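Everything numeric here is computed off the predicted structure, so don't read it as measured data. Proteins come first, then strands; the chains are lettered A, B, ... in the order of their sequence lines, and each starts at number 1. Heavy-atom basis, side chains included; hydrogens, waters and symmetry copies ignored.
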Number of protein chains: 2
Amino acid sequence: MEIEQAYPYLMERAMRQMRMVSQQYFVQAGVDITVEQWVVLYIIHDGQGLSQVEITELAFKDAPTVTRIIDNLVKKGWVYRQVSAEDRRKFEIYTTSEGKAMVQKLLPTVMAIREQGIGNVSESDLRVFKRVLGRLIENFTE
Amino acid sequence: MEIEQAYPYLMERAMRQMRMVSQQYFVQAGVDITVEQWVVLYIIHDGQGLSQVEITELAFKDAPTVTRIIDNLVKKGWVYRQVSAEDRRKFEIYTTSEGKAMVQKLLPTVMAIREQGIGNVSESDLRVFKRVLGRLIENFTE
DNA sequence: TAGTAATAGTTGTTGTACTAACTATTGCAA
DNA sequence: TTGCAATAGTTAGTACAACAACTATTACTA
């Protein structure tokens, strides 16, 4: 069937495999966290005090999704919201010490996952791969 | 921020852009269908009489998801289930004439979308791109 | 400065993703 | 042939994705 050779299908499949493997590793590490939660937690950890809009842009997700993921991260005690002093519409989002510990705990796993995916891919192929991804993003941005 | 250069982030972003653009084109074509519904509809159209398990494997989705997508396609009158004569646990799934018409209507759009994504990518870069995707799939399949 | 537009974030709805638990049917083996 | 494992599919629960509608606050403009 021709669809199996189409690049969107291959991308979908690769993403799903990667997500499944990541989730398994998180479970093995004894941490109750989803891949999406990890992405947002890492962004918050890396940029302490970001607003939700800024997180939205960095995570490339929409505002309601980010609201809910942060809700979940707050419930788990890993991040907290603080109303901005300059603009009371805004929150500044920070990691708690538990959140920081979680990032430190998972970071090696995340790096290992990335490496597992492209360990046997040459530098030049990886460059081409990223270049094509960049083209796709451009070509689908009106 | 380093995360923006990581390949999983780029893949996520490219997929999301592509999905958004596809959805817009479907709306412009005046058809109420999601990208996932399109994928499943196309597979059913291409392989008349497939069981849900077979569709599950081809679409690379899980069984409950396929059940619900087919439910939605049935509601829209594009496909129907028929209990298998040999194995009464199974359904054989077929497109209705409306379903076939829908595939014919959308196929050019789908091809155009694919082309829009990689129109300015060289043949050799595309080969490398697909090769790396294949590696990723292998590397994340235990 | 009053009125309105823009911005930040939330809530609700529908559809999909994943897991687990379930029913119905079939296949296999003691 | 009974009993149990495997298979096909569904249902339930939680989380994320996309869209629309909403509140609260800030910024702009006549």
Side-chain angles (χ1 to χ4, degrees), chain A residues 12-13 15-27 31-41 49-76 79-93 140, chain B residues 12-27 31-41 49-76 79-93:
Chain A
E12 178 76 32
R13 193 165 162 187
M15 291 288 292
R16 201 183 308 271
Q17 286 283 150
M18 183 163 55
R19 187 175 308 275
M20 281 170 54
V21 168
S22 302
Q23 199 62 60
Q24 283 172 11
Y25 285 168
F26 289 167
V27 170
V31 179
D32 178 28
I33 189 172
T34 67
V35 174
E36 286 74 21
Q37 285 168 15
W38 161 259
V39 170
V40 173
L41 176 61
L50 294 171
S51 71
Q52 293 190 195
V53 168
E54 290 167 326
I55 294 169
T56 291
E57 285 160 4
L58 289 169
F60 206 69
K61 298 179 182 298
D62 63 1
T65 299
V66 168
T67 291
R68 280 160 188 141
I69 292 177
I70 291 177
D71 286 348
N72 286 330
L73 293 175
V74 169
K75 272 184 210 154
K76 288 176 175 174
V79 313
Y80 63 95
R81 292 176 164 105
Q82 183 178 299
V83 176
S84 165
E86 307 91 54
D87 186 339
R88 297 213 318 261
R89 290 170 303 185
K90 285 190 186 177
F91 290 118
E92 293 165 358
I93 319 286
F140 285 123
Chain B
E12 178 76 31
R13 192 165 163 187
M15 290 289 290
R16 200 182 308 271
Q17 285 284 151
M18 181 161 57
R19 186 174 308 275
M20 281 170 54
V21 169
S22 303
Q23 200 61 61
Q24 283 172 12
Y25 285 168
F26 288 168
V27 170
V31 180
D32 179 28
I33 188 172
T34 68
V35 174
E36 285 74 21
Q37 286 168 14
W38 161 259
V39 170
V40 173
L41 176 62
L50 294 171
S51 72
Q52 293 191 193
V53 168
E54 289 167 325
I55 294 169
T56 291
E57 286 159 3
L58 289 169
F60 206 69
K61 299 178 181 299
D62 62 2
T65 299
V66 168
T67 291
R68 280 164 188 136
I69 292 177
I70 291 177
D71 286 348
N72 285 330
L73 293 175
V74 169
K75 273 183 209 155
K76 289 177 176 174
V79 313
Y80 63 95
R81 292 177 163 103
Q82 185 178 297
V83 175
S84 164
E86 305 92 55
D87 185 341
R88 296 211 321 258
R89 291 170 302 183
K90 284 190 187 177
F91 290 117
E92 294 165 359
I93 320 286

Rounded to whole angstroms, how far apart are NZ on Lys61(A) and P on dC19(D)? 15 Å
Kindly say if Arg81(B) contacts the phosphate of dT10(D), meaning a side-chain N or O under 4.0 Å from OP1 or OP2. yes
The answer to which of Asp62(B) and Lys76(B) contacts DNA chain C further toward the 5' end, by nearest nucleotide, is Lys76(B)
Roughly how far apart are Asn72(B) CG and Thr67(B) OG1, rounded to 0.5 Å? 11.0 Å
Looking for any heavy atom pair under 4.0 Å, which part of the strands does Thr65(A) touch: base, sugar-phosphate only, or nothing? base
Please state how far atom CD in Gln17(B) lies from atom C1' in dA17(D), giving the value in whole angstrom units. 14 Å
Hey, which of these two, Glu12(A) or Ala63(A), hits DNA chain C nearer its 5' end, going by closest nucleotide? Ala63(A)
To the nearest Å, how far apart are Glu36(B) CD and dA18(D) C1'? 11 Å
Is any side-chain heavy atom of Phe140(A) closer than 4.5 Å to one of Met20(B)? no
Regarding Asp87(B), tell me which of base, sugar-phosphate or nothing describes its non-hydrogen contacts under 4.0 Å with the strands shown. sugar-phosphate
Give me the first and last nucleotide of DNA chain C, going 5' to 3', that has any atom under 4.0 Å from a heavy atom of chain A. dA6(C) to dC18(C)
How is Gln37(B) classified with respect to the nucleic acid when contacts are heavy atoms under 4.0 Å: base, sugar-phosphate, or nothing? sugar-phosphate
Within the distance-only criterion (no hydrogens, no angle test), does the side chain of Gln23(B) pair as donor or acceptor with the backbone N or O of Ile33(B) below 3.5 angstrom? yes
Below 3.5 Å is the cut-off: list the nitrogen or oxygen pairs between protein and nucleotides 12-14 of chain D, distance only.
| unit_1 | atom_1 | unit_2 | atom_2 | d |
| --- | --- | --- | --- | --- |
| dA12(D) | N7 | Arg68(B) | NH2 | 2.8 |

Whole Å only: how far is the CD atom of Gln52(A) from the P atom of dT25(D)? 16 Å
Is there a side-chain contact between Thr67(B) and the phosphate of dG9(D), meaning an N or O under 4.0 Å from OP1 or OP2? no
Asp62(B) and Thr65(B) side chains, donor-acceptor separation under 3.5 Å: yes
Donor-acceptor pair present, Arg89(B) side chain and dT7(D) base, under 3.5 Å: yes
Counting the atoms with a prime plus P, OP1 and OP2 as sugar-phosphate, which does Ser51(B) contact under 4.0 Å by heavy atoms, base, sugar-phosphate, or nothing? sugar-phosphate
Length of the CZ-P vector between Phe26(B) and dC19(D), whole Å: 14 Å
Separation of dT11(D) atom P from Ile70(B) atom CD1, nearest Å, is 13 Å
Would you tell me if any nitrogen or oxygen in the side chain of Gln23(B) comes within less than 4.0 Å of OP1 or OP2 on dC19(D)? no
Give a yes or no on whether a salt bridge exists between Glu12(B) and Arg19(A), defined as a side-chain N under 4.0 angstrom from a carboxylate O. yes
Give, for atom CG of Leu41(A) and atom CD1 of Ile93(A), the distance between the pair rounded to the nearest 0.5 Å. 12.0 Å
Inter-residue atom distance Phe91(B).CZ - Ser84(B).OG, 0.5 Å rounding: 10.5 Å
Measure from CZ on Arg16(A) to P on dC16(D) and round the result to the nearest Å. 16 Å
To the nearest 0.5 Å, tell me how far Glu36(B) CD sits from Leu73(B) CG. 11.0 Å
Spell out, as yes or no, whether a donor-acceptor pair under 3.5 Å connects the side chain of Lys90(A) to the backbone of Val53(A). no
Indicate yes or no: does Asp71(A) engage Arg81(A) in a salt bridge with an N to O separation below 4.0 Å. yes
